[in-house]
Student: 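What follows is a structure written as structure tokens; I'll ask about it next.
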Amino acid sequence: MTHFIQSFGMFVRLIVTAFLLALPIAASAQDIVEDIREDDEQSETFKAPVIVDGEMLFFLRGSSALPASERVERVQEVIVEVAEASTSTEVSITFEDTELGTSIRADGVQVTIVTEADAALDQIKLDVLSYLHGQAIEEAIIAYRANRTDQARVSGAIEAAGWTLGFVVFVVVILWLHRSIRRRTLKFVKRHLKDVETATAKSVQAEAIAALVRYGLNFILLIIFFLGFYYYLSFVLLSFAETRYFAQLLLTYLTEPVLLIFKGIISYFPNLIMLGLITWVTMYIIKGMRVFFDAVEAGTFDLGDFEKHWVNPTFNIARVVVILIALVFAVPYIPGSDSAAFQGLTLLVGAMLSLGANSVVSNMLAGLFVIYRRSTSIGDRIQIGDHIGDVVQIKLMETHLKSIKNELISIPNAQLMNSDVVNFSKRTDGSGLLLHTTVGIGYEEPSEKVEAMLIEAANRTKGIKAKPEPFVLWTALADYAINYQINGYSTRGSIIPKIRSDLHRNIVAVFNENNVQIMTPSYMADPPKPKIPLEDWDGHLAHETHDDTDKS
């Protein structure tokens, strides 16, 4: 039971040491080791610690003839031999002056000789240093014997069993948490992230978020399990004197990095507070900008020629600018921002962006021009090359059109900038768009009659305005016909294909009614009779009839 209390006391000391090392005013063990190493290199001396059962007793200095490691090994062997030679709870320590220094004997056996060089190393008088070394040797021998009694071994076994029982409970808790994570995380995500599912209209979204949360929690559990197993193994080895040295090595190897991490986190708190302040100010400014642009969109603020569809892109641009400015202020407070590695990484990212993002940047700049140059707006019907459709969305990189066939067409903004765009929805004046089509009529037909028929067809067409009146242009005197172009104004640019189709149908109907043959697209010779329908259609289509055997 005594060993259990000692192990628990050591664990408490480790925790206290962690907090002390985390304080900015405390010196870390690494700093002390570095200082000692520097002092050794400067004075060209060598020293090593005397360790018995994992406890460091004191340092000894070596020389070129007798390195410190060999001297320490001999002293440790003698201390163990003296401790194992008896089971007494008392040790006789004597001191004797020699030519080399003060000899320290334990139960009549010389353990070591404290020299003037050792005293100079510790910067203390020879007799005082000898007395302190003798006390340390006496305590080490008594502890060595006490840790190897039957009572100590039974106590160590009980202590190891206690740690094992605690570890079993720890594993059971970890397994229970691992099994309950899936059910609880999905329930938690669905309860607190309903807005995500509502916005996406997909339950898969909540499951994906739950999977990410579950992965993070399982990773944390894995780290906790590893730490628990590592410390369990260390404390079990610490329960027995023979393995205590290895246990202390395990504790040192893991505890030092953990303490350094905690120290770094605690020392980073001032920078973390500054980053939080920068983040809060940035979010506050963005919220204020959102309120302002919402007021502009609602018409509360009048910015002159500022159009409403500019509100969202302008807000996004302003938000990006604010975030970039905040990043400039925040970079000095990011860990490692002043290191050469961080600077090299920023240079590499900048080079990659400059070399590989030319098309991206050009599309982004083109998108800004498309948004602000007023030639194209959402809802306009435009024609780009062979594509005709309504603008449904203008993004920073591309513009989406919905074609007249209900197809979604994505056009890069750079192409939109470099192509001729025909806008059927923008009004240049009050007359509207000038819709036109061309027909070829023979020279034998009176031109006044042809023009009258074309104007009559235009007047019959819904979507073509009566004022200004439709008019006819002669576009060409071809080999066999005169090309007449009928022109009519329309303000319904979104249904131009339908209007043009109706116009063609009405032209054919009017010309058939007046027994005038349309000679386009080609003409070979005059037929005996005009190629026009002689009878009206009865409204029924001819179809074949099949008997039952054919159907079978």
Side-chain angles (χ1 to χ4, degrees), residues 299 304-309 373-392 394 401-406 419-478 481-521 530 532-533 536-537:
D305 294 335
F306 192 88
E307 298 184 8
K308 289 186 178 181
H309 71 273
R373 71 177 181 176
R374 299 187 179 184
S375 63
T376 302
S377 303
I378 294 177
D380 290 350
R381 171 154 291 188
I382 63 174
Q383 179 176 355
I384 305 174
D386 297 332
H387 301 297
I388 300 177
D390 299 325
V391 180
V392 295
I394 300 176
L401 301 182
K402 185 177 73 172
S403 71
I404 57 178
K405 302 299 184 183
N406 207 27
S419 301
D420 295 332
V421 179
V422 180
N423 194 316
F424 300 107
S425 300
K426 293 290 184 181
R427 294 189 180 182
T428 57
D429 54 33
S431 300
L433 295 173
L434 191 60
L435 187 67
H436 61 275
T437 189
T438 302
V439 294
I441 307 299
Y443 285 94
E444 68 278 6
E445 295 292 343
S447 59
E448 293 83 359
K449 179 182 178 181
V450 174
E451 292 181 5
M453 287 189 294
L454 291 174
I455 292 175
E456 173 63 20
N459 289 331
R460 292 184 185 182
T461 304
K462 293 181 179 180
I464 294 181
K465 298 173 62 176
K467 296 293 184 179
E469 296 180 356
F471 59 91
V472 179
L473 298 177
W474 293 28
T475 59
L477 299 176
I482 300 174
N483 291 339
Y484 297 91
Q485 184 186 82
I486 177 63
N487 295 267
Y489 290 95
S490 175
T491 57
R492 305 177 66 179
S494 59
I495 58 171
I496 282 180
K498 178 67 169 57
I499 297 174
R500 182 177 281 112
S501 175
D502 292 343
L503 177 61
H504 291 162
R505 182 181 296 108
N506 291 329
I507 290 174
V508 172
V510 171
F511 275 62
N512 289 343
E513 293 169 0
N514 291 275
N515 293 322
V516 176
Q517 178 177 333
I518 299 175
M519 305 178 66
T520 53
I532 59 175
D536 294 335
W537 180 45

Student: Give, for atom CD1 of I486 and atom CE of M453, the distance between the pair rounded to the nearest 0.5 Å.
Tutor: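 Those atoms lie 11.5 Å apart.
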Student: Might you point out which heavy atoms bring L503 and A458 nearest each other, and give the distance in Å?
Tutor: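 Looking at all heavy atoms of both residues, the closest pair is CD1-CA, 3.8 Å.
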Student: Would you compute the distance between atom CD of E456 and atom CZ of F511 and round it to the nearest 0.5 angstrom?
Tutor: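 These two atoms lie 11.5 Å from each other.
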Student: Nearest heavy-atom pair of E445 and V516: which atoms, and what distance?
Tutor: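 For E445 and V516, the tightest heavy-atom pair comes out as OE1-CG2, 3.8 Å.
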Student: About how many Å separate CD1 of I382 and NE2 of H387, when rounded to the nearest 0.5 Å?
Tutor: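 Result: 10.5 Å between the selected atoms.
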Student: How long is the gap from CD1 on I464 to CD1 on I499, to the nearest 0.5 Å?
Tutor: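 So the CD1 of I464 and the CD1 of I499 are separated by 7.0 Å.
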Student: For the atom pair CD (E513) and CG (N506), what is the distance rounded to the nearest 0.5 Å?
Tutor: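 That separation rounds to 9.5 Å.
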Student: Would E469 and K467 pass as an ion pair if we require N to O under 4.0 Å?
Tutor: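 Result for this pair is yes, salt bridge flagged.
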Student: Please determine whether the number of non-hydrogen atoms from other residues, nucleotides or ligands lying under 6.0 Å from atom NZ of K498 exceeds 12.
Tutor: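 Open.
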Student: Return the minimal non-hydrogen interatomic distance between K449 and N514, and the atom names on each side.
Tutor: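 Heavy atoms of K449 and N514 come nearest at NZ-O, 3.6 Å.
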Student: With side chains defined as the heavy atoms from C-beta onward, is the minimum distance between N483 and V439 less than 4.5 Å?
Tutor: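 Result no, sub-4.5 Å side-chain heavy-atom pair not found.
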Student: Given side chains that start at C-beta, do those of S490 and I496 come closer than 4.5 Å, heavy atoms only?
Tutor: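 Not in contact.
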Student: Determine the minimum heavy-atom distance between R381 and P497, stating which atoms define it.
Tutor: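 Closest heavy-atom pair between R381 and P497: NH1-CD, 3.8 Å.
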Student: In Å, rounded to the nearest 0.5 Å, how long is the span from OH of Y489 to CG of L433?
Tutor: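 Answer for the OH-CG pair, Y489 versus L433, is 10.5 Å.
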Student: Among T438, V450, I507, L473, which residue meets the side chain to side chain contact (heavy atoms under 4.5 Å, CB included) test with Y484?
Tutor: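 So the option named by the test is V450.
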